[in-house]
Structure formats: C-alpha cells, structure tokens
Amino acid sequence: MALVNLPTAQLKIDYRDASGSPGSTVFHIPYGTLASVAITAADALSAALNALSDAAIDGYSLTYAKTEDTPATPTAGSRVEEKGNFVYRTANGRTTRFTIPAIVDSVLNPSGSIDKANALITALTAVITDVDLVFASADGSDITALLEAYQSFRGSTKRQLPSDR
Amino acid sequence: MLRPNAVVELVWQDETGSTASTMLNVTSSSTVEDIDAAATALASIVLPLTGAVLIKQRIKFKNETVPRADPADSTPIVRSGVFYFSVDPPSPDGLITVPSIKESVISDVEPFSGVGIDRDNSDIIAFVDAVLAAGVTNVFGDAFTALVAAYRQSRV
C-alpha cells in the first residue's frame, strides 16, 4: 500500500480564443524533472506556442501526481459530504482554510464545532504551522495558528445518492 | 507570472466511492521533493481524522499571464494543429495538439495544401526545437525524438 508516481508530470498550457472558448495543449515530462527546470521549459514552450496559435495563452499548470496502488477500505458510513473545516490565521493577519472530507465523529463537540484540544487536532496544527514544512496561505504568508474548526455538510450530488433508493 | 503558492491536493474516497479533496497551499519556491515530504507528513496526520481513504496526491504549480492578452485573430479554438512525434520503439508515439493554429503555418503546397502544416516554417522549426530541448515525452515517459507528421484538424 503506497502512493506511486506516474511516469510523467503533466504540463498543461491554457488558451482562450476570440469567442472566449477555452482550449489546452498537454505535454508530458519525466516525473523526476525538477519543478524549476520544468517551469523554465514551460516558459520556452509557451513562447513557441504563442507564435503558432491565434488564441491567447492565459497561463499554464504543472502537475506531479501520485496514485495509491492498493487503497485501504473506507470506514463504513463515511461520507465525503461531511466536512471538517479548518480556518487558520496567517502571519500577514489574514486567514486560510482547508477541509477534511468524512471527518470522524470522535473529534466533534456536541455543537458541531471541532475540539481544538483533541490530540489529533493539535497534531494537525503542529504539522500545518511547522516552519520547516512548506504550508502557506495563497499569498505565500506563513500559517501561524488555528482560528476556527467546525463540521459542515455539502449537498450530495445525484451520483452520490444511494443506488438502491 | 508564477503564483506564489503551489497547491497540494489529497484526494479521498468514502464508502460510497465518492471523492473529495483536501487542498493546501505551499510556497511555490519549494522543491517537489520538499512538498512531497510535507504532503506525506500531512496525510499521515489527516488519516485518523477521516473515515475516507487516500487514493491520490497531486502537487500543482500555476502560472498566469498578467495582464491577460487578447487573442491575435478569430480562429476558433477547435481548429487545431496536430503534431505527431516519434519515440524510440517499441513505445507508442505521442501527439501534441495546438488550438487555434495560425493560417500562416498551414502548407499551400499540394497534395497537403490547406491541411498539412509547413514543417519548414521558422515558427514550426522553433516549436519542434523547444519540444525536443524540453525533454517532452509520451505518457509513458519515453522522450520524443523527432517530428513525424503535422496537420490541421477541426474538433467538433
């Protein structure tokens, strides 16, 4: 049971034509390529593509993906619509947030808030705020402290409804 | 312009087979190796907090053109140039598709007039050189070695 990388990382160049319709060009590069090297190559490829296409290039994304080769079995009754929301303060006075799907009941208070003193939650905050790790807000500011944590529910999509309903 | 943040995405699957993600920002100046190590540490902490199981991890860097440019002409996005590259056998070869291909690179020499792409065009030569210099591969990681064919097609 392990996350296994694909043979390649994916570079996707995004375009927009005069009608506003989007399009893309996809390149594959060896997974072991350093991101800094891949980004330099992406800039060169974007410039070359700009001379070939009448569409405008809006940017690109570079994705390194891994897939679990033998996934474990989810807990009975687990539903990704049930979220744990975690809101953190950042060094520049703003906030950043993320969610954990199918949050376990054992960290919930009766009100639906998440018990910030729970050992699992303090361990999570320790990892998120660890300055030696790389987590940050969208503007690159360091994450400093847990501000809010609570349970919420997202509406199920049609595909998520029980098949035997 | 490279965004200051890259994104780590952990994809989770619940008992019904439905999936959802935990997405965190990381500084984009970090190496993939460092981000991967941080993602592994995070996943091990999140695992006991969820009833779902981890099935995928993605690390994504994003670059945006600032300011956004206007399209050069009204060529529709579906009018594409297809570039067919060879790799060393026995791997399958690979394709690169370029949307809204410019009319100026389309061949006017029979029998490929209006369909074939002029491989002697300087912009095409520069593109092929950039692809080969970048070490672009097919999905199996086998490097492209040469442009074999190039033509225009319309996707509908």
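Between the side chains of B:T22 and B:W12, a donor-acceptor pair is found at a separation under 3.5 Å.
If you measure heavy-atom distances from A:S36 to chain B, you find no contacts under 4.5 Å at all. No part of A:N118 comes within reach of chain B, as not one of its non-hydrogen atoms sits under 4.5 angstrom from that chain. When heavy atoms are compared at a cutoff of 4.5 Å, A:L34 does not approach chain B at all. Of the two parts of B:F140, only the backbone, made up of N, CA, C and O, holds a non-hydrogen atom closer than 4.5 Å to a non-hydrogen atom of chain A. Contact of A:T157 with chain B is not made at all, since no heavy-atom distance falls under 4.5 Å. The part of A:P22 that comes within reach of chain B is its backbone (N, CA, C, O), which places non-hydrogen atoms under 4.5 angstrom from that chain. For B:F83, the part lying near chain A is the side chain, with the backbone staying farther off; criterion is any non-hydrogen pair under 4.5 Å. The contact between A:K83 and chain B is made entirely by side chain atoms (from C-beta outward), counting heavy-atom distances below 4.5 Å. Heavy atoms of B:S30 lying under 4.5 Å from chain A belong exclusively to its side chain. Of the atoms belonging to A:S21, heavy atoms from both backbone and side chain fall under 4.5 Å from chain B. With a 4.5 Å cut-off on non-hydrogen atoms, A:L6 does not touch chain B at all. Contact of A:D139 with chain B is made through the backbone alone, with heavy-atom distances under 4.5 Å. Only the side chain of A:I128 comes within contact range of chain B, judged by heavy atoms closer than 4.5 Å. There is no contact between B:L10 and chain A, counting heavy-atom distances below 4.5 Å.
When each of B:L24, B:T40, B:I124 is scored by its heavy-atom pairs under 4.5 Å with chain A, the top score falls to B:L24. Among B:V139, B:I96, B:V11, B:V136, the residue making the largest number of heavy-atom pairs under 4.5 Å with chain A is B:V139. For the options B:A41, B:G51, B:A20, heavy-atom pairs under 4.5 Å to chain A are most numerous at B:G51.
A:R16 contributes a side-chain N or O that, together with a main-chain N or O of B:A69, makes up a donor-acceptor pair within less than 3.5 Å.
Here the straight-line distance linking atom CD1 of A:I57 with atom OG of B:S100 works out to 10.5 Å at 0.5 Å rounding. In this structure, CG in B:N5 is found 12.0 Å from NZ in B:K60, a value given to the nearest 0.5 Å.
Residues of residues 101-112 of chain A lying within less than 4.5 angstrom of chain B, judged on heavy atoms, are A:P101, A:A102, A:I103, A:V104, A:V107 in numerical order.
Under 4.0 Å is where a charged nitrogen must lie from a carboxylate oxygen, and between A:E68 and B:K56 no such pair does.
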